[in-house]
Number of protein chains: 2
Amino acid sequence: MSIGNQSRRGGQRRKHSEMKGIRRLAQHLDISIGTVSRALNGRPDVNEETRRRVLAAAKELGYVPNQSGRSLRQGTTNIIGFMMQTGTEITGQGDTFFMSVFDGVQAVFARHKLDLVALLCSSQEDPGDYLRRVVARGFADGVILSATQRHDPRVELLSERNIPFVTLGRTLTDAGQPWLDLDFEGMAQASIDRLVAHGHRRIAVTRPHDDVNLGYVFVERCREALAAHGLALDEDLVFRSTPNEAGGYQIGRDLLALDDRPTAIVLINETIAIGFYRALSEAGVKPGRDIAVIGRYSPHAQFLSPSLTCFRLSLRDLGVALAETLLATMPAFKHHYPHATANTLWPMELVEGASDALHIHQS
Amino acid sequence: MSIGNQSRRGGQRRKHSEMKGIRRLAQHLDISIGTVSRALNGRPDVNEETRRRVLAAAKELGYVPNQSGRSLRQGTTNIIGFMMQTGTEITGQGDTFFMSVFDGVQAVFARHKLDLVALLCSSQEDPGDYLRRVVARGFADGVILSATQRHDPRVELLSERNIPFVTLGRTLTDAGQPWLDLDFEGMAQASIDRLVAHGHRRIAVTRPHDDVNLGYVFVERCREALAAHGLALDEDLVFRSTPNEAGGYQIGRDLLALDDRPTAIVLINETIAIGFYRALSEAGVKPGRDIAVIGRYSPHAQFLSPSLTCFRLSLRDLGVALAETLLATMPAFKHHYPHATANTLWPMELVEGASDALHIHQS
DNA sequence: CATAGTTCCGTAAACGTTTACGGACGCCAA
DNA sequence: TTGGCGTCCGTAAACGTTTACGGAACTATG
């Protein structure tokens, strides 16, 4: 061992317990902090024997590098934020929805030692302010935005701050960021085609009550699909609601109150089917027998009775795609994802149930 | 303005665009970075006029302090983590469970400029490793642990690292940390009493399939409550399942296959009622008419048909209590919460529905 | 005018890392 | 012996803040 090490400086050697962090480790091993850092970070210019000792000592002393120090130096945090709002009335997406998406995102991030955290914006706070406060501070290296609005101020904020991000859902004010979205157009087309083929002529559709939701193109595509069959979309049959169980219940009540009831309905949200079923049940109306219902898949929709005919997608795969799309925009990871699939619609597949078994025979 | 400012040092004045962060701001205003920092942080020893100028310039230049630099200096991040695992099969919490809790937590945190993020631990990774990796690095000032196991290694880890934390759910290996838990004992007692009063003698109960869930005391308390009425708990009527819809469906099938069916059942999880209803429905068995069912409230349970008699709690209030309990353990906030209610059971209230309308008349 | 007190601000040292740079040392060939 | 090269490691300067300290300018008081 060479003498004149920094640990001896000033002739006085402080006790180990007085030091913290990497210094403590270096002092314990009687080597310099630079070498410790290099050893821990897998740099090549360090003796393998030394590295072994450092790693062992780190484990023994329970050393973990301080995140702030590291980030400050490197300018990177290794954290990606998934922004979502608490108070689910707005998005209508359930916990399980995001949990499944997270699963896919993390599968990709794990390969790059990136950590995913959910940025929880209170419904009390302006999302723009929130982003400014937490993300602009260099909290995360990148962001995934969900529940995008048609005009979303967060998009402008992030793009002018040059923070890599991707949105789940299209926006009208496109800042050139990559996006992924569910293929509501495809769902609209397939639903209408299917119902018309079954003889339905009066078909109801649903839409979110404001523009915060993913499916703002849904109704228009339904209209087009109907037109292709020579049918018109009756405006009385376009139902708005909050995207939750209560909203579905309300739709059910409104629908039943109509003089000229539709013979079929397409539900755009996952959760509204439950409330809708309840409203029908109270009136003795049975899905699949008295009215055809098509909805979206969710863990509980699967267990509704009669079983719901619905459109399903792999949320985990969607998460994987989101992660890859984001990383493809980040210089540090770009080369790993040369042809990530951005700006594309995510397909959904039809799961046949009993809820749309009703066929109308022309008289 | 005084001369000899640091911004003039060396005689050369770098262009604004070359500087970053607080230096840029200071140079722009031609004052020292110390003053800028004091002005931004609301320190008293700064001229009000100066403060006004600083604030205006900060807004104009879009300056936000760097989180890493600040944390490094202060040793604090102003971030509280709520740890949860992705892959919801494990927790079985319904869609909006956590969102509602978050809402309450944030209401408290907002008063102290604390930000809540969800620490998403992949189901692929060991939760202990995860905590070591992210939290021990000084990522968060405090942690809320959910879905605690009976023996939870995370508890030991956090307590030996001296990181403030609170658990939602009791643990057997108590490290002296504060906890909150749902009053499953109270639910057990009230359910059994109610069903027995309605004449039921053969009562089934459910329990999680392993010890990851909150309600490990539930079955035992049911047993005691039955014993108080002179009844024994038939072990064949203790159903285990995964805490999700599929688990509830399985319970339903198993129950219906019994030779000597129970006349009532108590479901401990929110989500299993949906699958359970489905299984009954397929067999033509109707809750409230053919069997009495008591469950837990959730946004969809409310819309089941027939309506579910269930135990409800205010998740938002629970979140508030969690936050206050955590802050009460943190030196910086302790004095705000002199008598926070830790180590207490959170009561649930009964919501009467139609699912337990079945009364048994003794023959 | 001298002194004390107040108000405001600049200076510089931390906080815990990473990393460019250079130096010490050993080895080998000329 | 000399020089060159490779291996390993120590040194010190960043990264962007906050804050203890001291000092300058000003006001009040005698």
Side-chain angles (χ1 to χ4, degrees), chain A residues 1-10 18-27 29-54 58 61 63-78 136-139 141 332, chain B residues 1-10 18-27 29-54 58 61 63-78 136-139 141 332:
Chain A
M1 274 301 122
S2 67
I3 328 188
N5 230 341
Q6 63 175 23
S7 60
R8 301 270 167 73
R9 185 143 41 144
E18 294 180 20
M19 303 244 64
K20 289 195 314 188
I22 204 174
R23 294 208 144 75
R24 165 112 194 277
L25 203 50
Q27 200 168 57
L29 292 165
D30 200 32
I31 59 180
S32 77
I33 60 171
T35 302
V36 173
S37 177
R38 280 189 294 263
L40 290 173
N41 290 30
R43 288 299 157 100
D45 54 347
V46 50
N47 189 304
E48 280 308 321
E49 165 63 13
T50 312
R51 188 192 307 280
R52 203 192 48 73
R53 286 180 53 222
V54 171
L61 300 188
Y63 168 78
V64 281
N66 178 287
Q67 180 68 29
S68 302
R70 183 196 288 257
S71 309
L72 181 56
R73 173 62 215 243
Q74 303 198 130
T76 191
T77 61
N78 287 340
R137 291 188 169 190
F139 178 84
D141 293 344
Chain B
M1 275 300 122
S2 67
I3 329 188
N5 230 341
Q6 63 175 26
S7 59
R8 301 270 166 73
R9 183 143 43 141
E18 294 179 21
M19 303 245 62
K20 289 195 314 189
I22 204 174
R23 293 209 144 74
R24 165 114 195 276
L25 204 50
Q27 199 169 57
L29 292 164
D30 200 31
I31 61 181
S32 76
I33 61 171
T35 302
V36 173
S37 177
R38 279 189 294 264
L40 291 173
N41 290 29
R43 290 298 158 97
D45 54 346
V46 50
N47 189 305
E48 280 308 321
E49 166 63 13
T50 311
R51 187 192 308 279
R52 204 192 47 72
R53 286 179 53 222
V54 171
L61 299 188
Y63 168 78
V64 282
N66 177 286
Q67 179 66 29
S68 302
R70 181 196 288 255
S71 307
L72 182 56
R73 172 61 214 241
Q74 303 197 130
T76 191
T77 62
N78 287 341
R137 291 188 170 190
F139 179 84
D141 294 344

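Keep in mind that this is a model prediction, so the values were computed, not measured. Just so we're on the same page: letters track the sequence lines, and every chain starts at 1.
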DNA chain C: B:E48 or A:P65, which has the more 5' nearest nucleotide?
-> B:E48
Name the nucleic acid region contacted by A:D45, choosing base, sugar-phosphate or nothing; use a 4.0 angstrom heavy-atom cut-off, strictly under.
-> base
Out of C:dC9, D:dG16, D:dG10, which nucleotide sits closest to the side chain of A:I31?
-> D:dG10
B:I22 CD1 to D:dC15 P, straight-line distance once rounded to whole Å = 15 Å
Taking CG from A:N47 and P from C:dC25, how many angstroms apart are they, rounded to a whole number?
-> 16 Å
Distance, nearest 0.5 Å, that separates CZ of B:F139 from OG1 of A:T77 | 8.0 Å
Over how many whole Å does the gap from B:L29 atom CG to C:dC8 atom C1' extend?
-> 16 Å
base_contact_polar (D:dG10 base, A:R38 side chain, donor-acceptor, <3.5 Å) = yes
Answer with yes or no whether the side chains of B:T35 and B:S32 bring together a donor and an acceptor at under 3.5 Å.
-> yes
Does a side-chain N or O from B:T35 land closer than 4.0 Å to OP1 or OP2 of C:dG10, or not?
-> yes
Is there a side-chain polar atom (N or O) of B:R70 under 4.0 Å from OP1 or OP2 of D:dT18?
-> yes
When rounded to the nearest 0.5 angstrom, what distance separates CZ in B:R38 from OG1 in B:T50?
-> 10.5 Å
Short side-chain N/O contact from B:S32 to OP1 or OP2 of C:dG10, under 4.0 Å | yes
Shortest side-chain distance from A:Q74, nucleotide among C:dC9, C:dT19, C:dC15 | C:dT19
Of all the choices, C:dG16, D:dG10, C:dC8, which nucleotide is nearest to the side chain of A:K20 once you look at every atom?
-> C:dG16
Would you please confirm or rule out a distance under 4.0 Å between OP1 or OP2 of C:dT18 and any side-chain N or O of A:N41?
-> yes
Rounded to the nearest angstrom, tell me the gap between atom CG in B:L72 and atom C1' in D:dC15.
-> 9 Å
What's the spacing between B:I22 CD1 and B:L40 CG if we round to 0.5 Å?
-> 6.0 Å
What is the nucleic acid contact for A:T50, judged by heavy atoms within less than 4.0 Å: base, sugar-phosphate only, or nothing?
-> sugar-phosphate
C:dC8 C1' sits how many Å from B:R53 CZ, rounded?
-> 13 Å
Report the distance from atom CZ of B:R70 to atom CD of B:Q74, rounding to the nearest 0.5 Å.
-> 6.0 Å
Nucleotide C:dC8, atom C1' - distance to CD of B:E49 in whole Å | 13 Å
Go through C:dT18, D:dT19, D:dC9 for me and flag the one nearest to the B:S37 side chain.
-> D:dT19
OP1 or OP2 of D:dT17 sitting under 4.0 Å from any side-chain N/O of B:N66?
-> no
Between CZ of B:R51 and C1' of C:dC8 the distance, given in whole Å, is 11 Å
One should read off an interatomic distance between B:R53 CZ and B:L29 CG, to the nearest 0.5 angstrom, of 5.0 Å
Side chain of B:I33 - closest among D:dT17, C:dG16, C:dC9 | D:dT17
Winner on side-chain proximity to A:R73, out of D:dT17, D:dC9, C:dT17, is C:dT17
Could you check how far CD of A:Q67 sits from C1' of C:dT18, rounded to whole Å?
-> 13 Å
Quick one: which of C:dG16, D:dG16, C:dT19 gets closest to the side chain of A:R43?
-> C:dT19
